[in-house]
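Input: a single structure, listed below in structure tokens.
As the structure lists them, so they are numbered: ligands from 1, and atoms in each ligand from 1. Since we're looking at a predicted model, the values are computed, not measured.
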Amino acid sequence: MALDVIGDIHGCYEELVELIAQLGYIEKNGHFYHDDHRRLAFVGDLTDRGPASLRVIELVYQLVVVDQIAVYVPGNHCDKLYRYFLGNNVDVKHGLETTITEYNQLNQTDKDQIKRQFMTLYNQAPLYHYDKHLNVVISHAGILNHMIGQTSKHVKAFVLYGPKPKEYHPDGRPVRIDWTPHHNGETLVIYGHTPVLRPYISNNTVNIDLGCIFGNKLMAMRVPERTMMTVDSRQPFQPERFTDFEND
Ligand SMILES: [Mn+2]
């Protein structure tokens, strides 16, 4: 079945709704469907930094768990929110504070519901999604060929965060490492995690995180067609947040 893979959303609910409609998904009587029986796939990082993280959780829960026309793999921001909801001691920063502020404004019933939806979504999610027929892997920060099929701690760290950083920017953010020169398989890898201004295509991998949260675009890549669809961000443009692997 054909897939429409969507990049990092980070609470950009309006852009997500627009993109899903543009892709041909229709809501009828509270349920989503597509005339051509296509399915959506999310590369993770649903929440944090953006204006409506909780509405994104509700919509993705609806698409994945209720209507079952989407697959979702977690991103590092999802993993952190999950650990927060488990009651673990996590730092409420790097964007998590916006999601928690939204959450704390809810009454207890709504809090319980959103938490239950997110935990269900996360618990049913694979670390990455491998579609044998399309020969594609959807993984938040990418994956190396030899890791496909594995779920070790090391693989989990890689699919959530990518390669371990060796350097940091002055503001503490890690300098992202390009792992794609080491991908040498036949399997197409679609991932996000590192905001780029244009889809970054390298060795049968595509980074589709066009940094909607930093004012660029929200993007979908359709497989097997390998065509792109984008909507413009409604957020302020922050050019310093984008990595340029091609010209680095
Ligand atoms: Mn992200």
Side-chain angles (χ1 to χ4, degrees), residues 5-16 19 40-57 59-60 70-84 90-100 102 118 121-122 125 127-129 137-143 156-165 168-169 171-180 189-200 205-221 230-231 233-245:
V5 192
I6 296 184
D8 297 37
I9 302 163
H10 286 295
C12 295
Y13 176 77
E14 290 181 14
E15 293 90 333
L16 175 61
L19 182 57
L40 288 160
F42 297 100
V43 303
D45 280 5
L46 306 179
T47 61
D48 296 1
R49 298 197 176 103
S53 290
L54 302 188
R55 296 194 75 182
V56 173
I57 292 174
L59 178 55
V60 173
V71 292
Y72 153 77
V73 299
N76 53 307
H77 285 262
C78 306
D79 185 62
K80 204 169 170 194
L81 179 60
Y82 181 75
R83 288 184 283 118
Y84 176 88
V90 301
D91 268 352
V92 182
K93 55 184 191 185
H94 304 302
L96 181 59
E97 66 281 6
T98 66
T99 304
I100 300 311
E102 279 187 56
F118 181 75
L121 190 61
Y122 188 99
L127 273 184
Y128 51 89
H129 175 72
V137 169
I138 320 293
S139 170
H140 179 65
I143 196 163
K156 181 176 181 181
F158 193 97
V159 302
L160 289 176
Y161 295 94
K164 220 177 159 63
Y168 291 84
H169 293 287
D171 65 1
R173 285 181 298 123
V175 175
R176 298 283 167 90
I177 296 169
D178 187 6
W179 55 273
T180 64
V189 178
I190 305 177
Y191 67 105
H193 186 57
T194 301
V196 285
L197 285 170
R198 290 168 299 279
Y200 174 51
T205 72
V206 190
N207 178 352
I208 62 165
D209 177 10
L210 298 195
C212 188
I213 186 57
F214 300 125
N216 189 36
K217 289 168 194 301
L218 186 64
M219 171 176 161
M221 179 168 175
T230 61
V231 298
S233 169
R234 291 155 167 80
Q235 318 306 318
F237 185 48
Q238 299 179 51
E240 72 281 4
R241 303 305 297 245
F242 292 84
T243 296
D244 185 356
F245 287 125

Would you tell me whether D79 and Y122 have side-chain atoms, one donor and one acceptor, within less than 3.5 Å of each other? yes
In terms of side-chain heavy atoms, does T243 have a donor or acceptor partner in R176 at a distance below 3.5 Å? no
Just so I know, are the side chains of H10 and Q235 near enough to count as touching, which here means a heavy-atom distance under 4.5 Å?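 With C-beta onward as the side chain, the pair stays apart.
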Which is the closest N/O/S atom of D45 when seen from the Mn ion (ligand 1)? OD2
Just give me the atom name: the N, O or S atom of D8 closest to the Mn ion (ligand 1).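 Atom name returned: OD2.
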How about R55: does its CZ atom have over 12 heavy atoms from other parts shown lying under 6.0 Å from it?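 It does not: R55 CZ has 12 such atoms or fewer within range.
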The Mn ion (ligand 1) to nearest N/O/S of H10 less than 2.8 Å: yes
